[in-house]
Amino acid sequence: MNSFMKIYRKLFDSYGPQGWWPLLSVDGTNPTKTGAVQGYHPGDYTYPKDEQQQFEICVGAILTQNTSWTSVEKALINLNKSNALNLKGIKRLSDGKIRERIKVSGYYNQKAKYLKEFIKFYESLQGKVPSREALLEVKGIGPETADSMLLFAFKTKSFIVDSYTKRLFLKLGIIDKKMNYDEIQRFIEESIDDDLTVYQEYHALLVEHAKRFPKGEIDPIISQFKGTSSS
DNA sequence: AACCAGGACGTGA
DNA sequence: TCACGTCATGGT
């Protein structure tokens with residue numbers, strides 16, 4: 001087994017299924033997870049169950065750019081109070097109202113613009129799954145946000161390479177710091193199982209691990225893994 | 001009180 | 001291509 005799958009096994013054995021992506025309508029918490037957030041559905045990979053949940057995931061993906069999920073959850077709750085966590089609902093809100101509702105999640109001016117850009121794009125989809133290239137053409141959707149939407153909202157295998165992922169794999173010495181986003185993504189995708197649930201869980205586990213071991217802290221996964229790789 | 005949070009964009013070299 | 005400044009609120 002290759003290094004990436006070994007690390008995946010180790011993380012999964014340590015933390016268990018994570019139940020991403022969290023949804024306001026899901027009445028469940030994951031007790032193994034750090035922080036007091038709700039909406040996780042560990043072991044249930046049938047989400048999103050409808051277009052409303054799909055839309056909610058996309059909105060959350062934009063709002064969580066460089067922002068903690070606890071803040072994003074508050075913004076989503078604010079939007080939901082205005083019945084604006086769906087396409088038709090959010091279209092009724094004025095720009096100022098959107099900014100006010102999402103203010104808690106930071107960067108609210110540009111994120112309000114990004115949301116409006118995405119709304120136009122989402123309408124044009126007519127229920128179809130977008131390509132990664134099409135998503136990246138939308139202002140405000142970069143590689144990580146695009147991959148988050150693809151993987152969790154549209155259930156399309158596209159590995160998310162976020163800062164946590166780079167940090168851990170760099171420390172482990174299994175990627176090079178000169179590699180760019182697409183190169184890292186390709187390398188990982190060539191190494192891991194061709195399985196949507198593995199893609200989803202792997203990213204969620206990496207985030208959970210990073211929350212437990214912030215920068216500078218001792219990381220048992222690393223100390224146990226180093227030197228044990230045998231491709 | 002500095003630092004980080006489930007990044008992306010615009011600019012200039 | 002890529003390094004850097006900017007965007008902003010909330011929690012530790």
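Predicted model only: the values in this text are computed from it and were never measured. In what follows, every chain begins at residue 1, and chains take the letters A, B, ... in the order their sequences are listed. Just so it is clear, the values below take in all heavy atoms, side chains as well, and ignore hydrogens, waters and symmetry mates.
For the segment residues 78-85 of chain A, no residue has any heavy atom less than 4.0 angstrom from an atom of DNA chain B. Proximity of residues 50-61 of chain A to DNA chain B (heavy atom under 4.0 angstrom from any strand atom) is not detected for any residue. Heavy-atom distances under 4.0 Å link DNA chain C to no residue of residues 18-27 of chain A.
Ring stacking is absent between A:Y108 and C:dA8, as the pair misses the limits of under 5.5 Å between centres and under 30 degrees between planes.
Under the side chain to side chain contact (heavy atoms under 4.5 Å, CB included) criterion, A:E56 pairs with A:L23, A:L24, A:L85, sequence neighbours left out. By the side chain to side chain contact (heavy atoms under 4.5 Å, CB included) test, A:S148 is found to be paired with A:W21, A:A61, A:I160, residues two or more places apart in sequence or in another chain being considered. Applying the side chain to side chain contact (heavy atoms under 4.5 Å, CB included) criterion to A:P130, with sequence neighbours excluded, gives A:F121, A:L125, A:L135, A:F154. Under the ring-ring contact (aromatic ring centres under 6.0 Å, His included) criterion, A:F213 pairs with A:H209, not counting sequence neighbours. Here A:T67 pairs with A:S71, A:V72, A:S105, A:Y107, A:K111 under the side chain to side chain contact (heavy atoms under 4.5 Å, CB included) rule; sequence neighbours left out.
Distance alone, capped at 3.5 Å, is enough to place a donor-acceptor pair between the A:E189 side chain and the A:F159 backbone. Checked by atom type and distance alone, the side chain of A:Q185 never pairs as donor or acceptor with a backbone atom of A:S158 at under 3.5 Å. Side chain of A:T64 to backbone of A:G60: no donor-acceptor contact under 3.5 angstrom is found. A:Q110 contributes no side-chain N or O that, together with a main-chain N or O of A:Y108, makes up a donor-acceptor pair within less than 3.5 Å.
Rounded to whole Å, the separation between the C1' atoms of C:dC7 and B:dC4 comes to 15 Å. Comparing the C1' positions of C:dG10 and B:dA1 gives a spacing of 14 Å, expressed to the nearest Å. Spacing of P atoms, C:dG5 relative to B:dC3, comes out at 14 Å, to the nearest Å.
Distances were taken from every side-chain heavy atom of A:Y107 (C-beta onward) to each of C:dA8, B:dG6, B:dC4; the shortest belongs to C:dA8. Among B:dG6, C:dG10, B:dA5, the nucleotide with an atom closest to any side-chain atom of A:V104 is C:dG10. Among the nucleotides B:dG7, C:dG10, B:dG6, the one closest to the side chain of A:K74 is C:dG10.
Among the protein residues, A:N180 comes within range of no part of the nucleic acid, since none of its heavy atoms lies under 4.0 Å from any strand. As judged by a 4.0 angstrom heavy-atom cut-off over every strand, A:Y40 is placed among the base-contacting residues.
Taking side-chain N and O atoms only, A:S163 has a distance below 4.0 Å to OP1 or OP2 of B:dG7. Considering only side-chain N and O atoms, A:N66 lies nowhere under 4.0 angstrom from the phosphate OP1 or OP2 of B:dG6.
Counting non-hydrogen atoms of other residues, nucleotides and ligands closer than 6.0 Å to CG of A:D13 gives a total above 12. The environment of A:K113 atom NZ is sparse: at most 12 non-hydrogen atoms of other residues, nucleotides or ligands sit within 6.0 angstrom.
Between A:H209 atom NE2 and B:dG6 atom P the separation is 15 Å, expressed in whole Å.
Screening residues 83-97 of chain A for side-chain hydrogen bond (donor to acceptor under 3.5 Å, both in side chains), with sequence neighbours left out, gives A:K91-A:E123, A:D95-A:K116. Residue pairs meeting the side-chain hydrogen bond (donor to acceptor under 3.5 Å, both in side chains) criterion with at least one member in residues 125-142 of chain A, sequence neighbours excluded: A:R132-A:D147.
Using a 4.0 Å cut-off between charged side-chain N and carboxylate O, A:R212 and A:E208 make a salt bridge.
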Listed pairs, N/O of protein and of nucleotides 3-5 of chain C, under 3.5 Å:
none

- Item | Per-nucleotide protein contact string for nucleotides 8-13 of chain B, where B marks a base within reach and S marks sugar-phosphate only (heavy atoms under 4.0 Å, - for neither) | SSS---
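Note on ring orientation: taking the six-membered ring where Trp is involved, the planes of A:F152 and A:W20 are tilted (angle from 30° to 60°).
Cluster annotation: A:V104 and A:I62 are assigned to distinct hydrophobic clusters (Ile/Leu/Val/Met/Phe/Trp/Tyr, side-chain heavy-atom contacts under 4.5 Å, transitive).
Side-chain polar atoms of A:E201 and A:Y45 form a donor-acceptor pair below 3.5 angstrom.
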